[in-house]
Amino acid sequence: MERQSEAGRWDVTPSEAVELQRRLREQLVLRPPPGLKVERIAGADISTEKWKDTGFGGFVVLDLASLQPVAQSGAAVTLRFPYVPGLLSFRELPILEVAWARLSVRPDVVIFDGHGTAHPRRMGIACHGGLLLGIPSIGCGKSLLVGTHGPLGEARGSTTPLMHRGEVVGMAVRTRKGVQPVYVSPGHLMDLPTAVELVLAVSPKFREPETTRHAHRLVNALRRAGGEAAEVE
DNA sequence: GCGACAG
DNA sequence: ATCTTGTCGC
């Protein structure tokens, strides 16, 4: 029940956060638990307002077979860390940690809006989030933080390796014909092939995963509704 | 020193 | 990410 290590340590400066990532990296498991069966898969996202310091975050759990929502949770928390490329998890996870505690239905996998190992130190928000919550996780970003890749086929389902410093850190995946690809990378308790397979399974019609789309709508609705919902400081 | 830079 | 109206295209 207690989480490992310092994955939930938020009282750090950007400089300390970088060092913390180097330590957390050693705890990552880039392999799915043996016999992993995915019945429920969740999307996580946060929404912020310009000029304000409250972040609205949440999860939406979908039934993998039908892609219909079965549970959701949200939280409004004061932001305490700036957006710094490479340190996104320190800004968003404190909010998602609260929302996670309010989620009654546990998903088998969580897909984060951002990268996993496709990160300068291989510790993107999906990796950090997976360690924090102790659950298999996937990173699915809309743009690159690091890495390059070759030509990608036009058909839906086409993939090409995302390379960084000589390593395959993720995969560019075409989830829809004629549109820009999304970038998939494993977070924790996950591997690249499984991550790509799951992202394609939850993205039958649009560029982004249904999990992400649902979570995005949820947190935007929470933000527009205002901080009436119990806010956490 | 210069440019890049998830959300 | 957010700030913002209309507009092009399937």
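Each chain gets a letter, A, B and so on, in the order its sequence line appears, and its residues count up from 1. Just so you know, these numbers come straight off a predicted model, no measurement behind them.
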Partner residues of R156(A) under the side-chain hydrogen bond (donor to acceptor under 3.5 Å, both in side chains) criterion, sequence neighbours left out = none
key: dA1(C) phosphate, OP1 or OP2, under 4.0 Å from N220(A) side-chain N/O   = no
key: Nearest heavy-atom neighbours spanning A76(A) and T54(A)   = CB-CG2, 4.1 Å
inquiry  = Please encode protein proximity along nucleotides 1-7 of chain B as a string of B, S and -, counting only heavy-atom distances under 4.0 Å.
reply    = ----BBB
message = For a 4.5 angstrom cut-off between non-hydrogen side-chain atoms, does P209(A) reach T212(A)?
response = yes
query = M190(A) pairs by side chain to side chain contact (heavy atoms under 4.5 Å, CB included) with which of T117(A), V109(A), I135(A)?
reply = V109(A)
inquiry  = With salt bridge (charged side-chain N to carboxylate O under 4.0 Å, His left out) as the criterion, how do K52(A) and E49(A) come out once you've worked through the C-alpha distance, each side chain's angles and the decisive distance to 0.1 Å?
reply    = CA-CA 5 Å; K52(A) 292 184 175 295; E49(A) 266 183 311; 5.1 Å; no
Dump every N/O contact between nucleotides 4-10 of chain C and the protein below 3.5 Å, one line per pair.
none

request  = Among H115(A), H164(A), Q21(A), R22(A), find the one that has a side chain to side chain contact (heavy atoms under 4.5 Å, CB included) with R122(A).
outcome  = H164(A)
Contacts under 3.5 angstrom, residues 170-178 of chain A side chains, donor-acceptor by atom type, not counting sequence neighbours:
unit_1: R174(A); atom_1: NE; unit_2: G153(A); atom_2: O; d: 3.0
unit_1: R174(A); atom_1: NH1; unit_2: V179(A); atom_2: O; d: 2.9
unit_1: R174(A); atom_1: NH2; unit_2: L152(A); atom_2: O; d: 3.1
unit_1: R174(A); atom_1: NH2; unit_2: G153(A); atom_2: O; d: 3.0
unit_1: R174(A); atom_1: NH2; unit_2: E154(A); atom_2: OE2; d: 3.4
unit_1: T175(A); atom_1: OG1; unit_2: R207(A); atom_2: O; d: 2.6

task = Kindly indicate whether the side chain of L20(A), heavy atoms from C-beta on, has any atom under 4.5 Å from the side chain of V18(A).
result = no
query = Should Y183(A) and H149(A) be marked as a side-chain contact (heavy atoms from CB on, under 4.5 Å) after you check the CA-CA gap, both sets of side-chain angles, and the distance that decides it?
reply = CA-CA 10 Å; Y183(A) 304 96; H149(A) 65 78; 3.7 Å; yes
inquiry  = Strictly below 4.0 Å, N to O, side chains only: are E210(A) and K205(A) in salt-bridge contact?
reply    = no
ask   = So, D53(A) and R80(A), do they make that salt bridge, N to O below 4.0 Å?
value = no
query = Using Watson-Crick and G-U wobble pairs whose two distances are both under 3.5 Å, how do you write the pairing of DNA chain B as dot-bracket, with | for links to another strand?
reply = .......
message = Testing the basics here: between D191(A) and P32(A), what is the closest heavy-atom pair and its distance to 0.1 Å?
response = OD2-CD, 3.3 Å
request  = Name all stems that contain residues of DNA chain C, defined as runs of 3 or more consecutive Watson-Crick or G-U wobble pairs, both distances under 3.5 Å.
outcome  = none
